[in-house]
Amino acid sequence: MTSIAGVDVTHPDKVLLPAREGGEDVTKADLAHYWESIAATVLPHLAGRPLTLQRFPDGLDAGGFVQQDAGGRAPKGLHTVDTPRRERKGADDVVHHPQVTETADLVRLVQFGTVTLHGWNAVAGSLERPDRLIVDIDPGEHIDLAGIRDVARAVRAAVEGRGLVAFLQSTGSRGYHVVAPLDGSAGHDAVKAAAVEIAEAVAADHPDELTTAVRKDARGGRTFLDVGRNAYGQTAVMPYAPRARPGGPTATPLDWDELSRVAPDQHDVRSIPRRLARKADPLAGLRDHARPLP
């Protein structure tokens, strides 16, 4: 056992993520130290946001699961935020989502076997008023990286053509997210409708390559512009969160001029601390550009 950010981490040498080619395994201690080292950057992105966890208590190779409610076995001291259920009411009509308010919470989640953090588009106190709109570019079967980048540029143009400001984040997997900060004046339904309109407009310009069809069997191998994250209770991978893949590739905020040279899964838990030591967080000014829906 070792102490990181004041939290006892048991089995610190347990491998949560195996190495990717040419790299190293990622242990519990590695992941806890990763979050500790970038906490000053990531805490503002997580503050007040209900989280859903992707947990692998015995490591990626043993399989994992998704957990929304912190539950009775959550690490001692972990902060939570209660979110009302919309789909059903009853004795337990809220979900006790994990919440990160301090560095220790990040380490507590690692102790819980958490690899990836997914967060709401709204924060505690304003759960009905989302503060961001997201278009998730999910690459199809026949598109190359250059094509994916062109799609991101097209989505940016559509977002900014509607008076919003577009930010860029890799997913740590195969695609990118285009994120527009909002001022919280509109509800989830209005934000989703705006996201649908943006995605459909972009897809209409490239009908053979892009689609907004939710059903996979209706996509015909085309790249999917996913706007389903823009709804009450839906989540998106959080900035700098490692993905459940070998080496821990991270969802990485990018400047737009980096799009042509940074692959979606390029950065990982080893490289991000070095990156942030030499470069400011591209999402640091996100809230300064919040806009109302057009």
Side-chain angles (χ1 to χ4, degrees), residues 17 19-24 26 30-31 34-35 37-38 40-42 44-45 115-118 132-161 164-181 198-199 202-203 205-206 209-210 221-226 229 236-289:
L17 299 170
R20 56 179 173 180
E21 187 174 356
E24 302 175 67
V26 178
D30 290 334
L31 192 52
Y34 166 73
W35 284 122
S37 71
I38 68 164
T41 297
V42 76
H45 298 311
V115 169
T116 308
L117 306 179
H118 300 266
R132 59 185 188 177
L133 177 154
I134 296 179
V135 179
D136 177 9
I137 301 166
D138 183 4
E141 298 171 6
H142 310 299
I143 193 169
D144 59 12
L145 182 53
I148 298 168
R149 288 165 168 158
D150 286 341
V151 175
R153 295 183 185 102
V155 174
R156 178 192 188 185
V159 167
E160 295 188 342
L164 301 174
V165 180
F167 287 78
L168 178 67
Q169 176 180 290
S170 78
T171 63
S173 182
R174 297 181 60 226
Y176 297 95
H177 287 175
V178 177
V179 183
I198 289 168
V202 175
D205 288 339
H206 308 277
E209 302 166 12
L210 306 177
R222 293 171 292 176
T223 292
F224 176 39
L225 300 182
D226 183 1
R229 305 176 193 287
V237 62
M238 297 307 300
Y240 300 106
R243 303 308 300 267
R245 300 174 65 203
T250 59
T252 306
L254 302 171
D255 289 320
W256 279 103
D257 64 7
E258 295 183 288
L259 176 60
S260 62
R261 60 182 188 273
V262 179
D265 63 350
Q266 181 167 323
H267 285 291
D268 57 29
V269 297
R270 307 288 182 189
S271 67
I272 285 295
R274 297 193 299 269
R275 171 178 165 85
L276 290 175
R278 67 176 188 271
K279 176 182 176 61
D281 173 22
L283 296 189
L286 187 79
R287 301 308 325 148
D288 296 335
H289 295 279

Heavy-atom closest pair, residues L283 and P239: CD1-CG, 3.8 Å
Within a strict 4.5 Å, meaning less than it, do heavy atoms of the P249 and R20 side chains meet? yes
Can you tell me how far apart CG (L168) and CH2 (W256) are? Round to the nearest 0.5 Å. 4.5 Å
Using side-chain contact (heavy atoms from CB on, under 4.5 Å) as the criterion, list what pairs up with P273, not counting sequence neighbours. Y34, S37, I38
Could you pull out the closest heavy-atom pair between V269 and G247, with the gap in Å? CG2-O, 3.8 Å
Identify the two heavy atoms, one from V159 and one from A180, that lie closest to each other, and give their separation to 0.1 Å. CG1-CB, 3.9 Å
Enumerate the residue pairs fulfilling salt bridge (Lys or Arg N to Asp or Glu O under 4.0 Å) with a member in residues 245-256, sequence neighbours excluded, ordered by first and then second residue. R245-D265, D255-K279
Holding to side-chain hydrogen bond (donor to acceptor under 3.5 Å, both in side chains), I want the full list of residues that pass it with D150, two or more places apart in sequence or in another chain. R153
Partners of R275 by salt bridge (charged side-chain N to carboxylate O under 4.0 Å, His left out), sequence neighbours excluded? E258
For L17 and G248, the nearest pair of non-hydrogen atoms, with its separation, is CD1-CA, 3.5 Å
Closest contact, heavy atoms only, I148 versus P139: CD1-CG, 3.5 Å
Side chains of T250 and T252 only: does a donor on one sit below 3.5 Å from an acceptor on the other? yes
Hey, are the side chains of V26 and P242 touching, using non-hydrogen atoms and a 4.5 Å cut-off? no
Sequence neighbours excluded, which residues qualify as salt bridge (charged side-chain N to carboxylate O under 4.0 Å, His left out) partners of R270? D30
Nearest-0.5 Å distance that lies between atom OG in S260 and atom CG in L145: 10.0 Å
Only counting residues at least two apart or in another chain, list the ones meeting salt bridge (charged side-chain N to carboxylate O under 4.0 Å, His left out) with R149. none
T41: which residues meet the side-chain contact (heavy atoms from CB on, under 4.5 Å) condition with it, sequence neighbours left out? Y240, L276, D281
Quick one: side-chain contact (heavy atoms from CB on, under 4.5 Å) partners of L210, sequence neighbours excluded? V151, V202, A203, H206, T223, L225
Partner residues of R174 under the salt bridge (charged side-chain N to carboxylate O under 4.0 Å, His left out) criterion, sequence neighbours left out: none
Identify, with sequence neighbours excluded, every residue that meets side-chain contact (heavy atoms from CB on, under 4.5 Å) alongside A251. Q169, V237
Going by the rule side-chain hydrogen bond (donor to acceptor under 3.5 Å, both in side chains), which residues pair with R243 if we only count those two or more places apart in sequence or in a different chain? none
Nearest heavy-atom approach of P181 to V179 is CD-O, 3.9 Å
Sorted by chain and number, sequence neighbours left out, ring pair (Phe, Tyr, Trp, His ring centres under 6.0 Å) with H289 holds for F167
How many angstroms lie between CD in Q266 and OG in S170, if you round to the nearest 0.5 Å? 9.0 Å
